[in-house]
2 protein chains.
Amino acid sequence: MKNLTIVKIGGNIIDNEAELNKFLISFSKIKTAKILVHGGGKLATELSSKLGIETKMIEGRRITDAEALKIATMVYAGLINKSIVAKLNSNRSSAIGLCGVDVSLIPSGKRKKGKVDYGFVGDVISKKINTDFLKLLLDKNISPVIAPITGTKKGQLLNTNADTIASSLASALGKYYKVKFIYCFEKEGVLNGNKVIKDLNKKTYAQLKAKEIIKDGMIPKLDNAFDALKRGVRHVTIGNANDLNKLMNHHAGTSITN
Amino acid sequence: MKNLTIVKIGGNIIDNEAELNKFLISFSKIKTAKILVHGGGKLATELSSKLGIETKMIEGRRITDAEALKIATMVYAGLINKSIVAKLNSNRSSAIGLCGVDVSLIPSGKRKKGKVDYGFVGDVISKKINTDFLKLLLDKNISPVIAPITGTKKGQLLNTNADTIASSLASALGKYYKVKFIYCFEKEGVLNGNKVIKDLNKKTYAQLKAKEIIKDGMIPKLDNAFDALKRGVRHVTIGNANDLNKLMNHHAGTSITN
């Protein structure tokens, strides 16, 4: 089995051009097969606000109406995706910018209306991920750069959570590759006070959660990470995008183990 | 040699959702390997105007400054490209949305400042088109849908003429496929008064040009067409996107022959 590195980056790094460029150089240096999944950043919110479109929130969660979906598609699958690809390829990589609808890569279903109608939001249908096409690219040393837009089989585009896309890809490809999943966010790793926890297993996680040392937004991220391990991903590391090469070598961030 | 159909569509069809949907169903029915190259339409201009960005023109030609480039990338490579791909794939096609920077598909150079500085506009470097990757996709029955954004080897995105992209692709792939190039625009074909010219060869073209029956914007299109034939494309047909399946069978439009 070959090695495959899947890196997820979020908005904080995308919004900072100098940091993004530095990150992309580090990403180019990864020697294994690799996939980059990116989120959105502030660009979509800024564009909406310039257009006078109000960002609709219900219970603290963003609603994707028809206008917001257009903006997400333009910004994520257009500007951010192609800017990243152009920069990677200028670093002698061979990257391709895709979203979930290309070659029906990541089929999704429109999230059902529950208490809240999130609008044009997609839930990934993990079993239907087009792993054949991803393998074809990876075997040619082509690195997919994936924007968080997916679509239904009827052709409806949907705004989709980039974390879920990344962990679904990691799990789906775990059958074919030794997958290392690197989850980048704004912190240096999972923290205990000011100190980065170097290794975190399920037992310690439960203890730290009980003591409320690990809490809030960190919990879904870690649940996602442990879930990925359960579904066949070999390594999950959480840390800062600025430390990508260190994260690769386990010299920074938090390594999640079962 | 296998057959390959390359279709270019312009803004007029993209701006009309019902016509675009009808066209995409027709495109899905083409049985040969196929590529769709699309232009922009009014969306980019509308978005610019909503954002209060003035479309800069010099001598009747559009200037692409940094802001206009961002909008072109968002609208062409994002919204239009992915909407087309999602619709095609809902018609049981297997389409992939790409622009010139993906896998360095269509390398370009920034147009040199002459009398006019067009800004971030790219001129295709035809010899460097990544035909290997296109062949890989076509051999897997995957249809590339290509947006008119390209980039330099230094990673600068550039707004690029979709007609040139389409004819450059047609010529580059002429070595490997029997290429039929279908150029769709708002008219029924090349007209002599109200009547569509069914077949047009170089000699007749010269005569009709001399009589000013063929003139203005039609001339670069036809020069492009005859050039493509010279560079190895087997068939060039010019006509209306609404007649796509008829254009395929030579039952509509103007067929260009040497």
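Letters go in sequence order (proteins before strands), and every chain restarts at 1. Below, each value reflects all heavy atoms present in this structure, side chains not excepted, and no hydrogens, waters or symmetry copies.
When every heavy atom of B:Ser90 is checked against every heavy atom of A:Gly155, the shortest pair comes out as CB-N, 3.6 Å. When all heavy atoms are compared, the tightest approach of B:Lys82 to A:Gly97 is NZ-O, 4.3 Å.
Distance check: B:Leu137 CG to A:Ile96 CD1 gives 6.5 Å after rounding to the nearest 0.5 Å. To the nearest 0.5 Å, atoms NZ (B:Lys153) and CZ (A:Arg92) are separated by 10.5 Å. Here B:Ser83 contributes atom OG and A:Gln156 contributes atom CD; the two are 9.0 Å apart, rounded to the nearest 0.5 Å. Atom CD1 in B:Ile142 sits 6.5 Å away from atom CG in A:Leu136 (nearest 0.5 Å). The distance from the CG atom of B:Asp102 to the CG atom of A:Asn81 is 7.0 Å, given to the nearest 0.5 Å. Note that the NZ atom of A:Lys154 and the NZ atom of B:Lys87 stand 15.0 Å from one another [nearest 0.5 Å].
Few gaps surround NZ on B:Lys110; more than 12 heavy atoms of other groups in view lie less than 6.0 Å from it. In A:Lys34, the NZ atom is crowded: over 12 heavy atoms of neighbouring residues, nucleotides or ligands sit closer than 6.0 Å. Heavy atoms from other residues, nucleotides or ligands lying under 6.0 Å from CD of A:Glu186 number more than 12. More than 12 non-hydrogen atoms from other residues, nucleotides or ligands lie less than 6.0 angstrom from NZ of B:Lys135.
Side-chain contact check for B:Val85 versus A:Val103: every heavy-atom pair is 4.5 Å or farther apart. Proximity of B:Leu47 to A:Leu51: side-chain heavy atoms (C-beta onward) are separated by under 4.5 Å at one or more points.
Taking chain A as the reference chain and counting heavy-atom pairs below 4.5 Å, the highest number among B:Ala95, B:Ser143, B:Ala147 is found for B:Ala95. Annotation: maximal heavy-atom pairing with chain A below 4.5 Å, among B:Ser94, B:Gly151, B:Ala77, occurs at B:Ala77.
With a 4.5 Å cut-off on non-hydrogen atoms, A:Tyr76 does not touch chain B at all. Interface residue B:Ser104: backbone and side-chain heavy atoms are both found under 4.5 Å from chain A.
When atom types are taken as modelled, the side chain of B:Asn89 and the backbone of A:Val101 share a donor-acceptor pair closer than 3.5 angstrom.
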